[in-house]
Amino acid sequence: MKNWIPILLIFLTLSSCKTRNAAKNNNGNIKDSTIVADDNGNPKDANEPVRDKLTFYEHVLIPPKFDQIKINSKVNVETGSFIPTLDATIYIENDKKVWMNLQALLFNVARGIATPEGIKGQDKTSRTYIDSDFDYLNNLLNVNFIDYKSLEKILMGRTFVKISDSQFTLTKNMQGFKMVSNTSQKIVTDQKTREYKIALQYDTNYDLLSVNLKDVLSPDELEISYSNWNEYNGIRLPKNVKIIIKGSKSSQILLENTKFDFSRMETPYSVPSSYKKIEIK
């Protein structure tokens, strides 16, 4: 792989799992969204105000509780250049690290690790490696706000952007719950300030279905969607994840999570002395 997008972008969505004991406690008995009939008596999708906002925020904002999770995935990356389907092993250790190993045709081709300090990755096919902060990942994703904690929230299928009752409108429709920013949301970092229109869609049982961020001053747009949620070992996880990047850089990543394991594992990472470092600019 001559391109670091497969390594760094996969950190964003590999596993994309979500822990939520509250969903188990209520046995999924969430009332369906309000359905309003049109003039012909057919149901239509009506964005109705949500009365019980506290329950919604409790489900979507309270951090998940977990120690570690191992996920096996099939990954397809579309960047305009041919990249074979990758077999990925991802290991997430809560608040500490995200470790990943990639294989193509049974051969190890890349390995990476993300920690609160930054991201490291090595390409075994070109014998090169990187050691970067999160600015490079932000540049690849056309955003400016990703750090380790927000990255982990994305990986866990949690709400990774700041939402508030005063800045967003929460409604209920046939899909579930929808949150849309009332005005452009300004996100300020050390490097730059950007403004986004943000929309989030949740299922009736509070599973995150999609997050869309559109830069109001450029064509840059990021959308992450989740589907086929199921419960494994008391934890709800999506089988399919899609990330779409549009704008100054465009690419798409499709993931199929095939196996989930909750046991601890070793996560070796070392760079051979013969590898050449790629400078990130």
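When reading the values below, keep in mind they use all heavy atoms of this one structure, side chains included, and skip hydrogens, waters and symmetry mates. FYI, the numbering just counts along the sequence from 1. This is a predicted model, so every value here is computed, not measured.
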Give the C-alpha distance, both sets of side-chain angles, the deciding distance and a yes or no for side-chain contact (heavy atoms from CB on, under 4.5 Å) between K214 and Y196. CA-CA 5 Å; K214 182 168 179 25; Y196 303 92; over 6 Å; no
Who are the salt bridge (charged side-chain N to carboxylate O under 4.0 Å, His left out) partners of E221, not counting sequence neighbours? none
Under the criterion side-chain contact (heavy atoms from CB on, under 4.5 Å), I'd like the reasoning laid out for I71 against K259: C-alpha separation, chi angles, the key distance, then a yes or no. CA-CA 6 Å; I71 299 174; K259 183 179 179 181; over 6 Å; no
Got I245 and S250 here, is their nearest side-chain heavy-atom distance under 4.5 Å? no
K53 vs D165 side-chain heavy atoms within contact, under 4.5 Å: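 Side-chain contact under 4.5 Å: yes.
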Backbone N or O of [Y] within a donor-acceptor pair of the [X] side chain at under 3.5 Å?
X    : Y    : value
N144 : I187 : yes
N233 : I235 : no
Q252 : T79  : no
N212 : I198 : no
N228 : K239 : no
N138 : F134 : yes
T204 : G176 : no

Under a plain distance cut-off of 3.5 Å, with no hydrogens placed, do [Y] and [X] share a side-chain donor-acceptor pair?
X    : Y    : result
T258 : N72  : no
T128 : D123 : no
R111 : Q122 : no
N240 : E256 : no

Just verifying a value: how many Å separate [X] [atom1] and [Y] [atom2], rounded to the nearest 0.5 Å?
X    : Y    : atom1 : atom2 : result
D147 : K153 : CG    : NZ    : 8.5 Å
K276 : S126 : NZ    : OG    : 10.0 Å
E78  : I244 : CD    : CD1   : 9.5 Å
S181 : Q167 : OG    : CD    : 9.0 Å
K96  : Y91  : NZ    : OH    : 9.0 Å

Apply side-chain hydrogen bond (donor to acceptor under 3.5 Å, both in side chains) to residues T169 and N182 and explain how you reach the verdict. CA-CA 6 Å; T169 296; N182 299 324; 2.5 Å; yes
Measure the acute angle between the ring planes of F260 and Y232, then classify it against the limits of 30° and 60° as parallel, tilted or perpendicular. tilted
Do the rings of Y206 and H59 sit parallel, tilted or perpendicular, given the 30° and 60° boundaries?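 Geometry flag for H59 against Y206: parallel rings.
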For the ring pair F66 and F262, is the centre-to-centre distance below 6.0 Å?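 No, they do not, as the ring centres are separated by 6.0 Å or more.
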Would Y129 and Y275 count as a close aromatic pair, with their ring centres under 6.0 Å?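 Not under 6.0 Å, so no.
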Is the CG atom of L217 crowded by more than 12 outside heavy atoms at less than 6.0 Å?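 It does: L217 CG has more than 12 such atoms within range.
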With a sphere of 6.0 Å drawn around NZ of K178, does it hold more than 12 non-hydrogen atoms of other residues, nucleotides or ligands?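 Not more than 12 within 6.0 Å, no.
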Charged N to carboxylate O under 4.0 angstrom, [X] versus [Y]?
X    : Y    : answer
D220 : K246 : no
D131 : K277 : no
K149 : D95  : yes

same_hphob_cluster([X], [Y]) at 4.5 Å side-chain heavy-atom cutoff:
X    : Y    : result
I224 : Y148 : yes
L170 : L61  : yes
L208 : V180 : no
I83  : L254 : no

Could you give me the CA-CA distance, side-chain angles and deciding distance for V75 and V77, then say whether side-chain contact (heavy atoms from CB on, under 4.5 Å) is met? CA-CA 6 Å; V75 184; V77 183; 3.9 Å; yes
Given D207, L209, V211, V60, the one that forms side-chain contact (heavy atoms from CB on, under 4.5 Å) with Y202: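 Considering D207, L209, V211, V60, a side-chain contact (heavy atoms from CB on, under 4.5 Å) with Y202 is found only for V60.
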Go through E93 and R264 one step at a time and tell me if the salt bridge (Lys or Arg N to Asp or Glu O under 4.0 Å) criterion holds. CA-CA 9 Å; E93 195 167 325; R264 189 173 293 274; 3.3 Å; yes
Please test N76 against T85 for side-chain hydrogen bond (donor to acceptor under 3.5 Å, both in side chains), starting from the C-alpha separation and ending with a verdict. CA-CA 5 Å; N76 286 286; T85 298; 2.7 Å; yes
side-chain contact (heavy atoms from CB on, under 4.5 Å) between L222 and D215, intermediate numbers included: CA-CA 9 Å; L222 174 66; D215 190 308; over 6 Å; no
